[in-house]
Peer 1: 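Pasting a structure below so you can have a look.
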Amino acid sequence: MGFWTDKRVFLSGGSKGIGREAALLLAKQGAKVAIAARGQAALDEVLAALNAISTGHSAHAIDIGDPAAVKAGVDAAAGVMGGLDVLICNAGYAATGSVLDVPESQFQELLDVNYLGNVWLVRAAAPHLIASKGHISLVSSMLGFMSVWGYGAYSASKFAVAGMAEALRQEMLLHDVTVTLFYPPTTDTPGLEKENEDKHPISWAIESENFLMKTYPPEAVAAEILRSIERGRFENIIGWDSWLALLGRRSLPSLFRAAVDSDLRKAAKKVAETPES
């Protein structure tokens, strides 16, 4: 029997991208999976794929910004599976724009989904996980430990996840519940396509010139999230480029900022010199 055999997993953001790939991998490794997202049609498609692999799965259309709906959905999933062993908080989205230009509502929406949504999930799932001495996996972002031009509002919501995870790790330690934190890099998902629709030219220029901004396939990131849960190490990341960014940001912060500032100046100059079409 493998690590995931008969594990009961609640996975938010399970209808697309990283979450969809994680759900399928979990089913293939013997877990029972309850997926949650807002869109019923996408959930139904993934649930059908899960049921083609094995049985015991369920799908729950939930707005994670609504604490009561989250609690009802988590309790319903735990009822279907007979308990809960693992919570994977994967739901979230990105929006770009400078701090001065992003619409006021965007700051609140990002916090509601990317941060508070995870808070409501953790609070709803905690009694089930304490009973099973289970595991909480919080998915932040590379921009949850660093940030760059155009991602201030998004990074704030993802930094908040990392900050909560630090305290939650200790709180759950007293209940024998493991907490892990994962920092995904840029990943080729429908969410990235949406993000790119109105991305500022400066952000495009920065990303096109920076070798540390590699785009990963969702199945690779999903597999690494599951491995991070198996390992139980608190902080987790994928790829040498991501590790280099993490180490640089923490070990040599002044040098790291000088490098990203240089990238910004080059990008701004490139945009200024590019004729408008």
Side-chain angles (χ1 to χ4, degrees), residues 3-15 18-20 22-23 25-27 29-38 43 46-47 50 56-92 111-140 144 157-158 160-182 184 222 225-226 228-234 236:
F3 177 89
W4 292 104
T5 303
D6 294 329
K7 285 286 195 301
R8 301 160 297 180
V9 183
F10 189 96
L11 170 64
S12 67
S15 65
I18 295 170
R20 181 184 188 280
L25 282 172
L26 285 165
Q29 295 183 52
K32 294 180 176 64
V33 189
I35 54 173
R38 284 184 296 180
L43 282 170
V46 179
L47 181 60
L50 293 173
H57 312 296
S58 61
H60 308 266
I62 298 172
D63 177 0
I64 65 168
D66 181 343
V70 169
K71 185 177 188 311
V74 170
D75 287 347
V80 169
M81 297 186 291
L84 188 61
D85 298 303
V86 180
L87 169 67
I88 304 177
C89 297
N90 171 70
L111 287 172
D112 286 343
V113 175
N114 293 353
Y115 170 57
L116 289 174
N118 289 334
V119 174
W120 311 143
L121 283 166
V122 166
R123 288 164 64 100
H128 304 288
L129 296 170
I130 290 171
S132 65
K133 299 187 186 304
H135 191 117
I136 298 170
S137 172
L138 293 162
V139 179
S140 177
S157 67
K158 290 299 189 175
V161 173
M164 178 184 69
E166 290 281 0
L168 187 66
R169 181 191 67 81
Q170 279 204 310
E171 293 172 13
M172 291 295 103
L173 184 67
L174 300 178
H175 299 287
D176 294 322
V177 175
T178 303
V179 175
T180 54
L181 177 64
F182 194 89
I225 290 174
L226 300 191
S228 74
I229 294 169
E230 294 174 32
R231 287 192 300 263
R233 183 178 64 207
F234 177 61
N236 302 272

Peer 1: For Ala125 and Leu87, work out which heavy atoms get closest and say how close.
Peer 2: CB-CD2, 3.8 Å
Peer 1: Would you find a donor on one side and an acceptor on the other, under 3.5 Å apart, between the side chain of Ser140 and the backbone of Lys158?
Peer 2: yes
Peer 1: What is the minimum heavy-atom distance between Met81 and Leu84, and which atoms define it?
Peer 2: CE-CD1, 3.9 Å
Peer 1: Could you go through Ile35 and His57, starting from their C-alpha distance and side-chain angles, then the distance that decides it, and tell me whether this counts as side chain to side chain contact (heavy atoms under 4.5 Å, CB included)?
Peer 2: CA-CA 8 Å; Ile35 54 173; His57 312 296; over 6 Å; no
Peer 1: Side chains of Trp4 and Val9: does their closest heavy-atom pair fall under 4.5 Å?
Peer 2: yes
Peer 1: Quick one: does any side-chain atom of Asn114 pair with a main-chain N or O of Asp112 as donor and acceptor, under 3.5 Å?
Peer 2: no
Peer 1: As an exercise, state the distance from CG of Leu43 to CG of Leu50, rounded to the nearest 0.5 Å.
Peer 2: 10.0 Å
Peer 1: Set out, in order, the CA-CA distance, both residues' side-chain angles and the distance that settles side chain to side chain contact (heavy atoms under 4.5 Å, CB included) for Val139 and Cys89, then state yes or no.
Peer 2: CA-CA 6 Å; Val139 179; Cys89 297; 5.8 Å; no
Peer 1: Any side-chain heavy atom of Glu171 within less than 4.5 Å of one from Leu168?
Peer 2: yes
Peer 1: Decide side chain to side chain contact (heavy atoms under 4.5 Å, CB included) for Thr178 and Met172; before the verdict, give the C-alpha distance in whole Å, the side-chain angles of both, and the deciding distance to 0.1 Å.
Peer 2: CA-CA 7 Å; Thr178 303; Met172 291 295 103; over 6 Å; no
Peer 1: Can you measure from CH2 (Trp120) to CD1 (Ile62) and round to the nearest 0.5 angstrom?
Peer 2: 14.5 Å
Peer 1: Hey, what do you get for CG (Leu47) to OG (Ser15), rounding to the nearest 0.5 Å?
Peer 2: 12.0 Å
Peer 1: Other residues, nucleotides and ligands only: do more than 12 of their heavy atoms fall within 6.0 Å of CZ on Arg231?
Peer 2: yes
Peer 1: Given Arg38 and Asp63, is the salt bridge (charged side-chain N to carboxylate O under 4.0 Å, His left out) satisfied, shown in steps?
Peer 2: CA-CA 6 Å; Arg38 284 184 296 180; Asp63 177 0; 5.3 Å; no
Peer 1: Which heavy atom in Gly73 sits nearest to a heavy atom in Phe10, and how many Å separate them?
Peer 2: O-CE1, 3.9 Å
Peer 1: Grab the two heavy atoms, one from Asp75 and one from Ala124, that are nearest each other, plus how far apart they are.
Peer 2: OD1-O, 4.3 Å
Peer 1: Determine whether Phe3 and Leu226 make a side-chain contact, defined as any pair of heavy atoms from C-beta on separated by less than 4.5 Å.
Peer 2: no
Peer 1: Between the main-chain N or O of Arg8 and the side-chain N or O of Asp85, is there a donor-acceptor pair closer than 3.5 Å?
Peer 2: yes
Peer 1: Work out which heavy atom in Val177 is nearest to a heavy atom in Leu129; give both atom names and the distance.
Peer 2: CG2-O, 3.5 Å
Peer 1: Taking side-chain contact (heavy atoms from CB on, under 4.5 Å) as the criterion, tell me which of Asn118, Val113, Leu111 meets it with Ser157.
Peer 2: Leu111
Peer 1: Does Ile88 reach the side chain of Leu26, with side-chain heavy atoms less than 4.5 Å apart?
Peer 2: yes
Peer 1: Looking at every non-hydrogen atom in both residues, tell me the closest pair between Leu11 and Gly19 and how far apart they are.
Peer 2: CD2-O, 3.2 Å
Peer 1: To the nearest 0.5 Å, what is the distance between CZ (Arg233) and CG (Leu181)?
Peer 2: 11.5 Å
Peer 1: Between Arg20 and Val46, is there a donor-acceptor pair closer than 3.5 Å when you use the side chain of the first and the backbone of the second?
Peer 2: no
Peer 1: Can you check whether Ala36's main-chain N or O pairs, donor with acceptor, with His60's side chain at less than 3.5 Å?
Peer 2: no
Peer 1: Is there side-chain contact between Glu230 and Gln29, with heavy atoms separated by less than 4.5 Å?
Peer 2: yes
Peer 1: I want to check something: taking the side chain as every heavy atom from C-beta on, are Val122 and Leu138 in contact at a cut-off of under 4.5 Å?
Peer 2: yes
Peer 1: Look only at the side chain of Ser58 and the backbone of Ala34, and say whether a donor-acceptor pair between them is shorter than 3.5 Å.
Peer 2: no
Peer 1: For Ala91, is there any backbone N or O sitting under 3.5 Å from a side-chain donor or acceptor partner on Ser12?
Peer 2: yes
